[in-house]
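Residue numbers count from 1 along this sequence.
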Amino acid sequence: TGCFMIVNTGHIALKSKSRLLSTVAYRLNGKVTFALEGSVFNAGTTVQWLRDSLKFIEDAGDTETLARQTPIDHGVYLVPAFTGLGAPYWDPNARGALFGLTRDTGIKEIVTAALQSVCYQTKDLQKAMESDGERPISLRVDGGMVANSWMLQFLADILGARVERPKTAETTALGVAYLAGLKAGLYNSLEEIEAMWRRDKCFEAKFDKPTRDGLYHGWK
């Protein structure tokens, strides 16, 4: 549904200057590890809107097929503020908008813009984290949308960062299971659990800086 970008800040509860959230990443044996978090309200729900409300697609997987048929610089931008905008804007009264429509605009351009909107919103979070002194050079992703390889490549391109997809996409559930196993004595340490992580695919940034900056400028 939503999208959340989180960076581990260790034992420091960083006070964000960029309107991000300081949160507890986890607490083990009374020892707290903190994180900096940015929240996007609409990600997977945007694909659901394309499918269920607009009937542009029959299945979420159709978005990748359509995006591969569409030029990157098609000029259409979707702001999926169906329930407002999250970090770093925090505007609950904002509403969705489509920009750049021409007579040539069709379903595939709008679908592609929807996928790109998730990546642009993540770019907003990356820029906010950089302002707070955190610069993630590698992003591990999870959830239903990561099945879309086109979107993950665009995400890597627009972030200028490596994006890694794990073999197990439902990382939240897996993390809870690992923590339960740690407490039950099935695992000896976090390091042992970390070593069990397996990558499915790595996406490296391919855009040059002018291309990346130009597309993001259009979003802004």
Side-chain angles (χ1 to χ4, degrees), residues 1-6 18-20 37-57 59-102 104-130 136 139 141-161 163 165 203 205-207 211-220:
T1 52
C3 171
F4 306 90
M5 188 173 181
I6 301 172
S18 306
R19 309 183 79 190
L20 299 175
E37 176 182 353
S39 306
V40 170
F41 292 160
N42 290 280
T45 48
T46 306
V47 176
Q48 292 172 355
W49 172 70
L50 294 173
R51 183 192 64 198
D52 301 337
S53 298
L54 299 187
K55 312 296 184 185
F56 280 178
I57 56 174
D59 181 81
D62 296 340
T63 59
E64 181 167 358
T65 303
L66 291 170
R68 292 191 183 279
Q69 301 170 11
T70 310
I72 289 293
D73 55 348
H74 53 84
V76 178
Y77 286 87
L78 169 65
V79 182
F82 306 121
T83 54
L85 284 172
Y89 307 103
W90 299 120
D91 185 353
N93 297 314
R95 288 297 175 262
L98 262 174
F99 296 94
L101 301 182
T102 69
D104 295 325
T105 301
I107 288 175
K108 64 182 183 180
E109 286 80 16
I110 296 174
V111 167
T112 303
L115 295 179
Q116 290 174 312
S117 74
V118 177
C119 304
Y120 290 132
Q121 290 176 100
T122 306
K123 179 74 172 180
D124 288 338
L125 301 181
Q126 180 199 42
K127 300 290 281 187
M129 286 183 175
E130 287 176 351
L139 185 69
V141 295
D142 68 282
M145 289 194 76
V146 306
N148 190 318
S149 294
W150 184 94
M151 191 201 73
L152 293 188
Q153 183 59 58
F154 186 80
L155 179 62
D157 288 335
I158 205 67
L159 295 182
V163 173
R165 177 171 63 198
F203 300 84
K206 297 178 180 178
F207 285 175
T211 300
R212 180 182 305 117
D213 291 349
L215 288 167
Y216 185 58
H217 176 74
W219 165 257
K220 294 297 285 183

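Annotation: the span from Gln116 atom CD to Ile158 atom CD1 amounts to 8.0 Å, rounded to 0.5 Å. To the nearest 0.5 Å, the span separating CD on Glu64 from CD on Gln69 amounts to 11.5 Å. Within the model, atoms CD of Glu109 and CG of Leu78 stand 13.0 Å from one another, a figure rounded to the nearest 0.5 Å. In this structure, the separation between CD1 on Ile107 and CD1 on Ile57 is 10.0 Å, given to the nearest 0.5 Å. Here Leu215 contributes atom CG and Lys220 contributes atom NZ; the two are 14.5 Å apart, rounded to the nearest 0.5 Å. Interatomic distance, Leu98 CG to Ser117 OG, rounded to the nearest 0.5 Å: 9.5 Å.
Every residue was checked against the ring pair (Phe, Tyr, Trp, His ring centres under 6.0 Å) condition with Phe99, not counting sequence neighbours, and none meets it. Under the ring pair (Phe, Tyr, Trp, His ring centres under 6.0 Å) criterion, Tyr120 pairs with Tyr77, Phe154, Trp219, not counting sequence neighbours.
The side-chain heavy atoms of Ile72 and Asp157, taken from C-beta on, include no pair separated by under 4.5 Å. Inter-residue side-chain proximity for Thr46 and Phe82 is flagged as met; some heavy-atom pair is nearer than 4.5 Å.
Judged purely by atom type and a 3.5 angstrom limit, Asn42 uses its side chain to pair as donor or acceptor with the backbone of Pro80. Not a single donor-acceptor pair under 3.5 Å links the side chain of Arg212 to the backbone N or O of Leu159. No donor-acceptor distance shorter than 3.5 angstrom exists from the side chain of Asp91 to the backbone of Leu85, with no hydrogens or angles considered. Put simply, the side chain of Gln153 never gets that close to the backbone of Trp150: no donor and acceptor are under 3.5 Å apart. Of the possible donor and acceptor atoms, none in the side chain of Ser18 sits under 3.5 Å from a partner among the backbone N and O of Leu20. In this structure, Gln121 contributes its side chain and Val40 its backbone to no donor-acceptor pair below 3.5 Å.
What you find for Thr70 and His74 is that their closest heavy atoms are CG2-CD2, 3.8 Å. Met145 and Val47 make their closest contact through CE-CG2, 3.8 Å (heavy atoms, listed as atom of the first residue, atom of the second, distance). Contact detail for Lys127 and Tyr216: the closest heavy-atom pair is CG-OH, 3.8 Å. In this structure, Arg19 and Tyr89 approach most closely via the heavy-atom pair NH1-O, 3.1 Å. Contact record, Cys3 with Ala43: CB-CB, 3.7 Å, taken as the closest heavy-atom pair. Closest approach of Ala161 to Gln126, counting heavy atoms only: CB-NE2, 4.5 Å.
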When you look at Leu139 and Met5, which way does the side-chain contact (heavy atoms from CB on, under 4.5 Å) test go after all the steps?
CA-CA 9 Å; Leu139 185 69; Met5 188 173 181; 4.0 Å; yes
Going through the distances and angles, do Lys108 and Thr65 end up as a side-chain contact (heavy atoms from CB on, under 4.5 Å)?
CA-CA 9 Å; Lys108 64 182 183 180; Thr65 303; over 6 Å; no
Test side-chain contact (heavy atoms from CB on, under 4.5 Å) applied to Val76 and Thr112, step by step
CA-CA 9 Å; Val76 178; Thr112 303; over 6 Å; no
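A donor-acceptor contact under 3.5 angstrom links the side chains of Arg165 and Ser149, judged on distance only.
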